[in-house]
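In what follows, a single structure is set out as structure tokens and then discussed.
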Protein chains: 2
Amino acid sequence: MKSFSRIPQHIGVIPDGNRRWAKHKGLRKQDGYESGLRPGLELYEMCLELGIKELTLYGFTVDNTKRPTVQIKAFQKACVDAVEYLANKDADLLVIGNTESKFFPKALLPYTERTRFGRGGIKVNFLVNYGWNWDLNYSARDGATASSGNIVDGMASADISRIDLIIRWGGGRRLSGFLPIQSVYADFYVVDEMWPDYDSEQFYRALEWYQRQDITLGG
Amino acid sequence: MKSFSRIPQHIGVIPDGNRRWAKHKGLRKQDGYESGLRPGLELYEMCLELGIKELTLYGFTVDNTKRPTVQIKAFQKACVDAVEYLANKDADLLVIGNTESKFFPKALLPYTERTRFGRGGIKVNFLVNYGWNWDLNYSARDGATASSGNIVDGMASADISRIDLIIRWGGGRRLSGFLPIQSVYADFYVVDEMWPDYDSEQFYRALEWYQRQDITLGG
């Protein structure tokens, strides 16, 4: 286990490249998602060991649900499987996404309130059927925000804190709608390998890179 | 002049590294901003030639105004100088920022409504004393958003469209509060050189890179 003089409090993960990985392997695109499960669990275990306080994972988005049904079913299942695994571990889990849509997996409804598994200790936020616009407009519901004057307080993701480091797998250098408000000051590290090819060395390199960044929070 | 098969409609520019550049040259930190003017004007001219439809430049932010007064004065002056230059060119300029604060340069107040210079033709958005939180909360003023239900429509930057490509100079891989909503799907290209060392080749490399990106808008 390596050690770091400064570790991020909150890491965001964009696990991209499942379909490209599957295609490259000669599999069907939808088969990529199952192979994305192991990486997520390994990364979670590593965060536990490192003492990371909060971890946010991009499950799937409202935008993603425009894809073929067979793919949608595959990434929905991967999300449910991931939560079933976590339920036997230590985590304070919150699933965040638009539950009023048919694309939200019903099995995950109980976790849309933060739920302690085991001894808890690490906040795990899992974005499932998440939409940045849905998140933002949540604060306009019932005119709730008009009274406080602070949009951020009324967002669906208000319980998710500012992100220090975002790591994206699959080579894309974009946020693709990932928590725009929590990401405003985040350092953004891109891993060229596809997510199913996750290796702890990639994660370590991101943390090493993060240590060399000068954190100013925009100042 | 190079040609590109696909150019971004809207480019965002984060011109970072002025102070580090000045320090490296043995100058005072505040002297970096004046040297950031030439790059901005060259980049603007290049966007005109390429037929870019919209260009957003990060002037300075509410976060930046925590710096020493001598630096604040220097970047305020650079912003006013930039607008004076543009006034003799072709552009549809909009200056966006918190005008209710003492840090907003009074000389720029007339341009907080979009103003045509010459024949116009390129939308130039200039963020001056801009704050992401200010921008967002603008839609909560007078409960305006509560009626429409769409936060984005009420934001101070509602007239600025979705960004296709963000180019940041100075090596930082973060948005630092730059238009979080318009940036949700943007491809993010980082130039390691400091902004005063701007060279058109850096801009061309960003455009070449952009052409190879697979634009999905999150889908």
Side-chain angles (χ1 to χ4, degrees), chain A residues 16 20 60-67 130-133 135-155 163-166 168 171-190 209-210 212-219, chain B residues 16 20 60-67 130-133 135-155 163-166 168 171-190 209-210 212-219:
Chain A
D16 195 29
R20 282 174 287 161
F60 69 90
T61 64
V62 171
D63 292 325
N64 295 154
T65 61
K66 293 166 197 155
R67 294 181 185 168
Y130 173 85
W132 64 269
N133 206 15
D135 187 6
L136 206 59
N137 285 334
Y138 202 85
S139 50
R141 294 185 359 157
D142 314 320
T145 302
S147 54
S148 91
N150 201 340
I151 301 283
V152 171
D153 295 341
M155 286 176 62
I163 299 175
D164 300 301
L165 170 65
I166 296 171
R168 180 173 183 139
R173 300 195 213 165
R174 57 176 87 145
L175 290 174
S176 303
F178 181 79
L179 293 173
I181 300 308
Q182 287 86 347
S183 302
V184 289
Y185 300 126
D187 280 291
F188 188 45
Y189 185 89
V190 175
W209 173 81
Y210 178 75
R212 297 193 304 271
Q213 304 313 305
D214 171 33
I215 310 305
T216 62
L217 302 184
Chain B
D16 195 29
R20 282 174 286 161
F60 69 90
T61 65
V62 172
D63 292 326
N64 295 154
T65 60
K66 293 166 197 155
R67 295 182 185 166
Y130 173 85
W132 64 268
N133 207 16
D135 188 5
L136 206 60
N137 285 335
Y138 202 85
S139 51
R141 293 182 5 156
D142 315 319
T145 302
S147 54
S148 91
N150 200 341
I151 301 282
V152 171
D153 295 339
M155 286 175 63
I163 299 175
D164 300 301
L165 171 64
I166 296 170
R168 180 173 182 138
R173 300 195 213 167
R174 56 176 88 144
L175 290 174
S176 303
F178 181 78
L179 292 173
I181 299 308
Q182 287 87 347
S183 302
V184 288
Y185 299 128
D187 280 291
F188 188 46
Y189 185 88
V190 176
W209 172 81
Y210 177 76
R212 297 193 304 271
Q213 304 313 304
D214 171 33
I215 309 305
T216 62
L217 302 183

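What's counted below: heavy atoms across the whole structure, side chains too, no hydrogens, waters or symmetry copies. Proteins come first, then strands; the chains are lettered A, B, ... in the order of their sequence lines, and each starts at number 1. Keep in mind the model is a prediction, meaning the values are calculated, not measured.
- Ranked by heavy-atom pairs shorter than 4.5 Å toward chain A, the options D214(B), N133(B), D63(B) are led by D63(B).
- Taking CZ of F178(B) as the reference point, atom OH of Y130(B) lies at 8.5 Å (rounded to 0.5 Å).
- No donor-acceptor pair under 3.5 Å is formed between the side chain of R174(A) and the backbone N or O of V184(B).
- Ranking S183(B), G172(B), G171(B), G177(B) against chain A, the residue ahead of the rest is G177(B), based on heavy-atom pairs under 4.5 Å.
- For V190(B), the part lying under 4.5 angstrom from a heavy atom of chain A is the backbone only.
- With contacts defined as side-chain heavy-atom distances shorter than 4.5 Å, the pair N150(B)/L136(A) does not qualify.
- Of the two parts of T65(B), neither the backbone nor the side chain holds a non-hydrogen atom closer than 4.5 Å to a non-hydrogen atom of chain A.
- Looking only at side-chain heavy atoms (C-beta outward), L175(B) and L175(A) come within less than 4.5 Å of each other.
- With 3.5 Å as the limit, one finds no donor-acceptor pair spanning the side chains of D164(B) and Y185(B).
- Using a 4.5 Å cut-off between heavy atoms, L217(A) touches chain B through its backbone atoms (N, CA, C, O) alone.
- Contact count against chain A (heavy-atom pairs under 4.5 Å) is highest for R67(B) among Q213(B), R67(B), K66(B).
- Proximity to chain B (any heavy atom under 4.5 Å) is shown, for I215(A), by both the backbone and the side chain.
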Tell me, with the steps shown, if W132(A) and V152(B) meet side-chain contact (heavy atoms from CB on, under 4.5 Å). CA-CA 11 Å; W132(A) 64 269; V152(B) 171; 4.0 Å; yes
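- Between chain B and the options I166(A), D187(A), N64(A), the largest number of non-hydrogen pairs under 4.5 Å is found for D187(A).
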